[in-house]
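Start at 1 with the first residue, then count along the sequence. Counting convention: from 1, in listed order, for ligands and their atoms alike.
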Amino acid sequence: MDKTKIIDGKMVSELIKVKITKQIFKIKAKKQRIPALTIIQIGNNKASTTYVNNKKIACEKVGVTCNVLNYPDSIAESALIKIINDLNNNSKIDAILVQLPLPRHINSEKIINTITTKKDVDGFTPKILGNLMLGHYNLLPGTPKGIIALLKHYQIQLAGQHVVIIGRSKIVGKPLANLLINASATVTVCHSQTKNLSVFTKQADILISAVGKAKFVTAEMIKENAIVVDVGINPDENNNLCGDVDFNNVLSKVKMITPVPGGVGPMTIASLLENILYLYKLNQ
Ligand code: GUN
């Protein structure tokens, strides 16, 4: 494999985690309270359990306290709101993360909006997303923040580049499009209703896929020498972890590409850790 083409999110995330570990070490040396995250997981969706475990392990590795509260699928919306309000008022908790998706009987937007902006570690509340759109950055949602940091680390130019995003979710596509516009890229956002998708993807200097379908992006959809960012984390036909991009078949065609695993995923987690520390300092 041509390693020079690999955008190594694992390596860049480790650099960020070293910095965070040093900061936590200083906090501990001063005998101050340690930053604390509470994760709420509803039900036992397998993918969510994996993500939550990964977040908890990452917190523990850098020395951040992480409590996971697990409630059954049957929990009432009102009960969940009460739990979040209690965490909002708990001065020992710096950051609250409600793992998505939530069961259908719960209004996700209402739940997210219950989290106080001061503890919204995901950056999904309206004030944070509004500020993001306006170009005022304090805290940013983890995956878009991680992608921008990764591209910056590799000195990949954004200004004037045509970036095509596949996916318009509130978590990735929409915030990322705004960050890229603010970085002077020309941005096209494609989604499930886009006609003739490859007409757009073939124009991309940078193609970002956040679809959630294994090997959805094939070599024919990519321009020669494009940079490809794969946000997907999917099981393939053998139940192995696989991105949205048909990695083996596009590798010879691209200039650079993020692998799965080891690309965007570790950057999302590193960004989460940065956000916890940011909220801790804000709330001290
Ligand atoms: N589910 C998938 N990605 C995310 C994320 O970044 N944050 C939360 N809370 N849930 C998710």
With D122, which residues qualify under side chain to side chain donor-acceptor pair (under 3.5 Å), at least two apart? none
Going by atom types alone, do T116 and N88 pair a side-chain donor with an acceptor below 3.5 Å? no
When you look for protein heavy atoms under 4.0 Å from ligand 1, which residues do they belong to? K55, L97, V98, Q99, L100, D122, F124
Lys/Arg-Asp/Glu bridge criterion (N-O < 4.0 Å) met for D94, K281: no
Side chain of D244, backbone of D230: donor and acceptor closer than 3.5 Å? no
N131 side chain to N138 side chain, donor-acceptor N/O pair below 3.5 angstrom: no
Give me the atom names and distance for the closest heavy-atom approach of K55 to I269. N-CD1, 4.0 Å
